[in-house]
There are 2 protein chains.
Amino acid sequence: MSGMSPPVRTSEELRAHNRARLLRAVHDTGAALTRAQLTDRLGMARGTASVLVAELSDAGLITESPAEPPSRGRPSHVPGPHAEGPVALTIHLREDGWQLATGTIGGELSVLEEETHQGEPSRVFPEIADRIAAHRERLGHRLVGAAVSVAGPVVNGNLLHVTHLRWEELDVSGWLGTAGIPVRIANDATLAALAEARRGKLRGLSTALHIHVDFGVGGCLMDEGRPLTGARGIAGEYGHMRLTGSTRPCDCGAEGCWGGEVGAVPMLRRYGVAADYRQGRAALARLLRNAADGEPEAVAVLDATADSLGRGIGGLVNAHDPAAVTLSGIGVDLLHRARDTVTAGYRAALMRYHLDDPPPVLPADLGVRGPLVGAMELVFDEFITPERLTAWHQHHAAGDPTGDPRQ
Amino acid sequence: MSGMSPPVRTSEELRAHNRARLLRAVHDTGAALTRAQLTDRLGMARGTASVLVAELSDAGLITESPAEPPSRGRPSHVPGPHAEGPVALTIHLREDGWQLATGTIGGELSVLEEETHQGEPSRVFPEIADRIAAHRERLGHRLVGAAVSVAGPVVNGNLLHVTHLRWEELDVSGWLGTAGIPVRIANDATLAALAEARRGKLRGLSTALHIHVDFGVGGCLMDEGRPLTGARGIAGEYGHMRLTGSTRPCDCGAEGCWGGEVGAVPMLRRYGVAADYRQGRAALARLLRNAADGEPEAVAVLDATADSLGRGIGGLVNAHDPAAVTLSGIGVDLLHRARDTVTAGYRAALMRYHLDDPPPVLPADLGVRGPLVGAMELVFDEFITPERLTAWHQHHAAGDPTGDPRQ
DNA sequence: CGTTTATGCTCGTGGCGAAAACATAAAGGA
DNA sequence: TCCTTTATGTTTTCGCCACGAGCATAAACG
């Protein structure tokens, strides 16, 4: 359950590799397991775990705190985040504002800042870079990475498109360069999927699918806890497949796209409301409220969308054969208010091989926090590697447990 | 480029792991690299490679033969398959017959038998099991695994469906149990994809897509050389997605399936020919020939199918973002005879983010041998692991280089 | 207050790969 | 013909690693 690493070759790499495995296990289990449980789970000898924990602890990567003794026997300790340990900085950029949060080993997330913006990229991104730079000043070497979640495809980790903000092919690397550290930028649906696979309903599943419905539709296929992002990083654009038989032209250049049938934009269109992105969220809330109150037009929109959602998911299940499907965003509303319609559409689109025991379609556990949590996982996936941990160790072995990492 | 392995923990596992890496490199490069090149590629010290090669050689896994000296310096040796080394048995089952082949380290394949059958599963599978058992007798411990390729989904590695043969939910494990060794059974499109990713045009690509068009359509998404087969092993049924806006009901229970628009069955339907699977292949050959001769009806069928093929591929590229797409089966004919139509449909379905530099759509290198090659890779992926290699070594360390593996 | 149970620590042991020195096998040049 | 150059394979030394047995520690139990 993590990113890839180069193969282990030498004895030294073995130590680094096992250190990373241990820290990874602490992180992935939410800093809840005792040292004895970790030792057991990783199949290590007690002596080995002893050395590794001591090393990680000395380097300021973890702290051991006493565990409440569940029974007899010598009490164990629970390795958890260190007060001076590594920090991941994450930002969730939405159409009218952004959130900034920090995360620590174990997955604890703290939202520190919330701001609004006017949709002007040349102002938004430098501002974000400034905020990151400020936290970099504050955190020093503790800041091990930063990641930004955005609601659109990110080509090759850089070129950004957000249709409903009219952001087209934004080259953000320049704007974010002033942050002082590399800043990853990734699609919000991909990050939500990553979060769900690590700390939500998709955890432990070999193949799983997450779908995020907002203004449009996006998602990500997860394989053994890893997101499949494609050759350029823009996989998962399920909203631009013709999954429901529609022929309507789409902004993307194709026609019949699923995202033209499912999401806030098509729902408001069906409802007869012209709303730009600023009014969109409020208008959609009204639509959902009216549907809950039984207004026939609103209910009809909900049902039509729920049917399209179900059918699209069915097609994707035929293609990917996931063990489960989770939904976030409006998908959750559709599931709660029109579950039967979603299910009917879903089953109608499934191959018969799936009908006996169809993969469950579930609301995601992490909800609106998904993109932030996923961004944190992205940062820690890059940090919890033999190489990065060895570098961290070297900066702390020189008797400099708090200062900057200078060579 | 291989399957997954449990994490390395101890020094002993390190040795086993490096042995497997070396043998894997020999296999993946087609036994073409010299020992010095392998040492370099794997980043090993010369002494380490010396020991590993000696071990693999002593165990009868590889033989070293002299390489032609390309320049000055001490001549090197090329590790290749051992005359008494491991053998993979592969079978490609088609609607009217089957082929049996063996493969060795390095990927050399020899077709040994070809038979016809009458489509009666209770006869076909026991016959195949018998043939495997016979080769098991002949090969003894050298036979390290067997795999069968079939033209339909295989649920959980066992329940088999081949629509055009009216094979429904065949539980083949019983029939194949008499082979005496575990026999894997897998979808032909998946295996063709695996072959293409290891020894064809998809080699070395992070994310890639292979699509096989025969009576219907299937495929497989490849990630870092590994096939993504889903939770039950039936991923890649792209033929059962509604990718082209059709509404025609499909045998699978859904409607509008891509496989109802692309493949031999819909082509013959459009051509007005009623043909069961026995006549189907011949009828399709006539259709293709007539199209080549310029017969308007045949050309129209080809064009309509090529357009659907291109549009479907476009949708799948939007979803998966592969670095390249390869085609096998009728897909190659469509590409050769109606490339412009395929391309036009493809581009019409692509999101604009892909239009600048669309992933190439190419005929597969391995063609009809794809499923056999892929089946061999499947067997060797299970064999070239630290655990299996250590077991092989133990049977050969007891001074019994040719005999049966008895404890 | 000794026993039981569970966990952590210390140290001896076997194994591994790196690196360097040495050996080997060809081609080139004088 | 013979020495030099180049490339590769082999042997040996060395530092590092995880294992595992035995011992130490820290609670609960009776």
Side-chain angles (χ1 to χ4, degrees), chain A residues 6-23 25-26 33-58 62-79 386 389-390 393-394 397, chain B residues 6-23 25-26 33-58 62-79 386 389-390 393-394 397:
Chain A
V8 186
R9 270 176 301 227
T10 74
S11 315
E12 260 179 299
E13 284 174 4
L14 194 56
R15 168 67 62 99
H17 170 76
N18 277 330
R19 253 195 323 242
R21 283 211 307 143
L22 180 53
L23 188 57
V26 171
L33 266 51
T34 68
R35 184 160 146 181
Q37 288 169 321
L38 289 164
T39 304
D40 190 52
R41 163 178 296 218
L42 298 179
M44 288 171 173
R46 287 212 292 268
T48 308
S50 218
V51 174
L52 293 175
V53 169
E55 280 182 8
L56 291 171
S57 189
D58 287 350
I62 56 172
T63 323
E64 282 193 300
S65 47
E68 51 261 38
S71 67
R72 298 206 292 183
R74 176 172 176 175
S76 191
H77 297 267
V78 176
L389 291 185
T390 300
H393 268 76
Q394 279 165 359
Chain B
V8 185
R9 271 176 298 235
T10 74
S11 319
E12 260 178 298
E13 284 174 4
L14 193 56
R15 168 66 62 99
H17 170 74
N18 277 330
R19 254 195 322 241
R21 283 210 307 143
L22 180 52
L23 188 57
V26 171
L33 266 50
T34 68
R35 182 159 144 182
Q37 289 169 321
L38 290 164
T39 304
D40 190 51
R41 164 178 298 220
L42 298 179
M44 290 171 173
R46 287 213 290 269
T48 308
S50 217
V51 174
L52 292 176
V53 168
E55 280 182 10
L56 291 171
S57 189
D58 288 350
I62 56 173
T63 322
E64 281 192 300
S65 48
E68 51 262 38
S71 68
R72 297 206 293 182
R74 177 172 175 173
S76 191
H77 297 266
V78 176
L389 291 185
T390 301
H393 269 75
Q394 279 165 1

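Note on naming: letters A, B, ... go to the chains in the order of the sequence lines (proteins, then strands), and numbering restarts at 1 for each one.
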Atom-to-atom span, CD of B/E64 to P of D/dT8 - whole angstrom: 13 Å
Donor-acceptor pair, side chain of A/Q37 and main chain of A/L33, under 3.5 angstrom: no
statement: Scoring nucleotides 12-18 of chain C by protein non-hydrogen atoms under 4.0 Å (B base, S sugar-phosphate only, - none) yields ----BSS
- request: Using whole Å, report how far CZ of A/R72 lies from P of C/dT5.
  value: 6 Å
query: Which whole-number value in Å describes the distance from A/H17 NE2 to D/dC16 C1'?
result: 16 Å
- prompt: Taking only side-chain nitrogens and oxygens of B/S50, does any of them come within less than 4.0 Å of OP1 or OP2 of D/dT10?
  reply: yes
- prompt: Who pairs with A/E64 by salt bridge (charged side-chain N to carboxylate O under 4.0 Å, His left out), at least two apart in sequence or on another chain?
  reply: A/R35
statement: Tightest non-hydrogen contact, residues B/P79 and B/V26, listed as O-CG1, 3.6 Å
message: For a quick test of reading the model, state the closest non-hydrogen atom pair linking B/R21 to B/L42 and the distance between them.
response: NH2-O, 3.3 Å
- request: Find out whether B/P7 and A/H17 are in side-chain contact, i.e. whether some heavy atom of one side chain is under 4.5 Å from a heavy atom of the other.
  value: yes
field: Closest contact, heavy atoms only, A/T34 versus A/S76
entry: CB-OG, 3.5 Å
query: Which whole-number value in Å describes the distance from A/R74 CZ to C/dT5 P?
result: 17 Å
- prompt: Over how many whole Å does the gap from B/L33 atom CG to D/dT8 atom C1' extend?
  reply: 15 Å
